[in-house]
Amino acid sequence: MKVIVCDNYDEMSKKAYEVMKPVLKDGAVIALATGTSPIGLYKCMAEDYKKGNVSYKNIRSVNLDEYVGQGVGDEQSYVEFMRRNLFNNIDIDLKNTDLPNGKAADLEKEVERYNKKLAENPIDIQVLGIGSNGHIGFNEPGTAFDSLTHVVDLTANTIKDNSRFFKSIDEVPKKALSMGIKNVMNAKKIVMVVNGANKAKAVKAMIEGRVTTDCPASILQLHPDCTVVLDKEAASLLTK
Ligand code: GLP
């Protein structure tokens, strides 16, 4: 695990883009995350595209997760987040983008479809954020390290964290579809972005703690090519 500590959010985003850029070649499969952490990275991707330095015409994307019941047209859905923050700002073909479908009539069938898709499209780079409880995607503490895409019951902690995007906590979906930890670990390269003091405890557990399902992100210690880019606040509890 390579750890890079940056002065601020902008520097963190730029560093993460430096890790990502060499992978952005025709035929690449990129796996994306939602949340406030990667928004700066997505801005760097869009800016570099606008400068003519990279094209996404022949790049495909998948995403980590989606709320059950949410989809295209729902402001807080992850598919709309991705369109707003990235897909509408680059030349990727929407047909080449995929997220778990939170509105699927049969969620188990959707899980099967998504796992098949991931098996057929090996991920060249996986972008990650981390939840304040150490979750990656929506793989909450206790999730098996060999998990594949599955339906998740969100924890009270995650519902509270994510309520900031909704009018009230009651509107936060209670379930999600999430790629599993094994799907994430199968990526050839991983770049994680983390900012803010509220993530410092999770970051310490991920980097300096034992590899344990209590902190799902701790499994990344075992990935052969994982870079974690932190701002100073997120790194503040690290001892090394
Ligand atoms: C959500 C997402 C995660 C994300 C996490 C942190 O729960 N499912 O993929 O990493 O939130 O979000 P943020 O970057 O907004 O702190």
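The minimum heavy-atom distance between Leu177 and Val151, with the atom names listed, is CD2-CG2, 3.7 Å. Contact record, Leu32 with Tyr42: CB-OH, 3.5 Å, taken as the closest heavy-atom pair. Between Ile181 and Ser147, the shortest heavy-atom contact is N-OG, 3.0 Å. Smallest separation of non-hydrogen atoms from Ser218 and Ala205: CB-O, 4.2 Å. Closest of all the heavy-atom pairs between Met185 and Leu222 is CE-C, 4.0 Å. Heavy-atom minimum distance, Gly27 versus Asp124: O-OD2, 4.3 Å.
Within the 4.5 Å cutoff, the side chain of Met192 has heavy atoms near those of the Ile130 side chain. Two residues are said to be in side-chain contact when any heavy atoms from C-beta on lie closer than 4.5 Å; Asn121 and Val62 fail this criterion. In this structure, Cys6 and Lys232 have side chains that are not in contact, with every pair of non-hydrogen atoms separated by 4.5 Å or more. Ile159 places a side-chain heavy atom less than 4.5 Å from the side chain of Lys174. Using a 4.5 Å heavy-atom cutoff, the side chains of Val191 and Leu128 are not in contact. A 4.5 Å side-chain heavy-atom check between Asp231 and Val194 finds every atom pair outside the cut-off. The side-chain heavy atoms of Asp65 and Tyr78, taken from C-beta on, include a pair separated by under 4.5 Å. Residues Ser61 and Ile92 form a side-chain contact, since some pair of their non-hydrogen atoms from C-beta on lies under 4.5 Å apart.
Judged by distance alone, the side chain of Asp74 and the main-chain N or O of Gln76 form no donor-acceptor pair under 3.5 Å. A donor-acceptor contact shorter than 3.5 Å is absent between the side chain of Asn96 and the backbone of Asn58. Between the Asn89 side chain and the Ala46 main chain, no donor and acceptor come within less than 3.5 Å of each other. Under the 3.5 Å distance criterion, the side-chain polar atoms of Gln221 are matched with a main-chain donor or acceptor of Gly209. Looking only at distances, a side-chain donor or acceptor of Glu208 sits under 3.5 Å from a matching main-chain atom of Thr239. No side-chain donor-acceptor contact under 3.5 Å links Lys189 to the backbone of Ala187. The closest donor-acceptor contact from the side chain of His150 to the backbone of Asn139 lies at 3.5 Å or more, if one exists at all. Distance alone, capped at 3.5 Å, places no donor-acceptor pair between the Glu66 side chain and the Ala176 backbone. Here the side chain of Lys199 pairs no donor or acceptor atom with the backbone of Gly131 at under 3.5 angstrom. Looking at Thr155, its side chain does come within 3.5 Å of a backbone N or O of Thr158 through a donor-acceptor pair.
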Trace of the ring pair (Phe, Tyr, Trp, His ring centres under 6.0 Å) decision for Phe87 with Tyr56: CA-CA 10 Å; Phe87 300 156; Tyr56 293 83; 9.5 Å; no
Steps toward side chain to side chain contact (heavy atoms under 4.5 Å, CB included) verdict (Val203, Leu238): CA-CA 8 Å; Val203 164; Leu238 293 178; 4.1 Å; yes
Intermediate values then yes/no, salt bridge (charged side-chain N to carboxylate O under 4.0 Å, His left out), Lys14 and Glu11: CA-CA 5 Å; Lys14 284 186 191 139; Glu11 200 194 306; over 6 Å; no
Salt bridge (charged side-chain N to carboxylate O under 4.0 Å, His left out) evaluation trace for Lys116 with Glu112: CA-CA 6 Å; Lys116 189 161 175 273; Glu112 238 175 76; over 6 Å; no
Step-by-step side chain to side chain contact (heavy atoms under 4.5 Å, CB included) determination, Leu154 to Val152: CA-CA 6 Å; Leu154 300 177; Val152 180; 4.2 Å; yes
Verdict with reasoning, Leu230 to Val3, per side chain to side chain contact (heavy atoms under 4.5 Å, CB included): CA-CA 8 Å; Leu230 308 167; Val3 180; 3.7 Å; yes
Worked check of side chain to side chain contact (heavy atoms under 4.5 Å, CB included) between Ile125 and Lys188: CA-CA 6 Å; Ile125 188 161; Lys188 288 176 205 149; over 6 Å; no
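By the criterion of side-chain heavy atoms lying less than 4.5 angstrom apart, applied directly or through intervening Ile, Leu, Val, Met, Phe, Trp or Tyr residues, Ile123 is not grouped with Val111; the two fall into different hydrophobic clusters. Cluster membership check: Val184 shares its hydrophobic cluster with Tyr114, using side-chain heavy-atom separations under 4.5 Å among Ile, Leu, Val, Met, Phe, Trp and Tyr. Hydrophobic clustering, with ILVMFWY side chains joined whenever heavy atoms are under 4.5 angstrom apart, groups Ile39 together with Met12. Residues Val29 and Leu86 do not share a hydrophobic cluster, clusters being chains of Ile/Leu/Val/Met/Phe/Trp/Tyr side chains in contact below 4.5 Å. Two different hydrophobic clusters hold Val193 and Leu64 under the rule that ILVMFWY side chains link at heavy-atom gaps under 4.5 Å.
Atom CD in Glu233 sits 11.5 Å away from atom CG in Leu237 (nearest 0.5 Å). Going from atom SG of Cys226 over to atom CE of Met1 covers 4.5 Å, rounded to the nearest 0.5 Å. Separation of atoms CZ (Arg83) and OG (Ser77) is listed at 8.5 Å; rounding is to 0.5 Å. The NZ atom of Lys117 sits 12.0 Å away from the CE atom of Met179 when rounded to the nearest 0.5 Å. In this structure, the separation between CG on Asp91 and NZ on Lys50 is 10.5 Å, given to the nearest 0.5 Å. Atom CD of Gln70 and atom CG of Leu99 lie 12.5 Å apart (nearest 0.5 Å).
Ion pair Arg113/Asp98 flagged as a salt bridge, since at least one NZ, NE, NH1 or NH2 atom sits closer than 4.0 Å to an Asp/Glu carboxylate oxygen. A salt bridge is absent between Asp93 and Lys57; no separation between the charged side-chain nitrogens and carboxylate oxygens falls under 4.0 Å.
Heavy-atom contacts from other residues, nucleotides or ligands closer than 6.0 Å to NZ of Lys182 number 12 or fewer. Around NZ of Lys109, the count of heavy atoms belonging to other residues, nucleotides or ligands within 6.0 Å does not exceed 12. The 12-atom threshold is not exceeded at NZ of Lys43, counting heavy atoms of other residues, nucleotides or ligands nearer than 6.0 Å. Atom NZ of Lys201 has 12 or fewer heavy atoms from other residues, nucleotides or ligands within 6.0 Å.
Residues Tyr17 and Asp48 bring a donor and an acceptor atom of their side chains to less than 3.5 Å of each other. There is no side-chain donor-acceptor pair under 3.5 Å between Asn198 and Ser132. Checked by atom type, the side-chain pair Glu140/Asn133 shows a donor-acceptor distance below 3.5 Å.
For the side-chain contact (heavy atoms from CB on, under 4.5 Å) test with Val127, the passing option among Asn63, Ile190, Leu41, Val19 is Leu41; the others fail.
Here salt bridge (Lys or Arg N to Asp or Glu O under 4.0 Å) pairs that include residues 153-171, with residues two or more places apart or in two chains, are Asp153-Lys175.
Ring geometry for Phe138 against Tyr67 counts as tilted: the plane angle lies between 30° and 60°, on a 0 to 90° scale.
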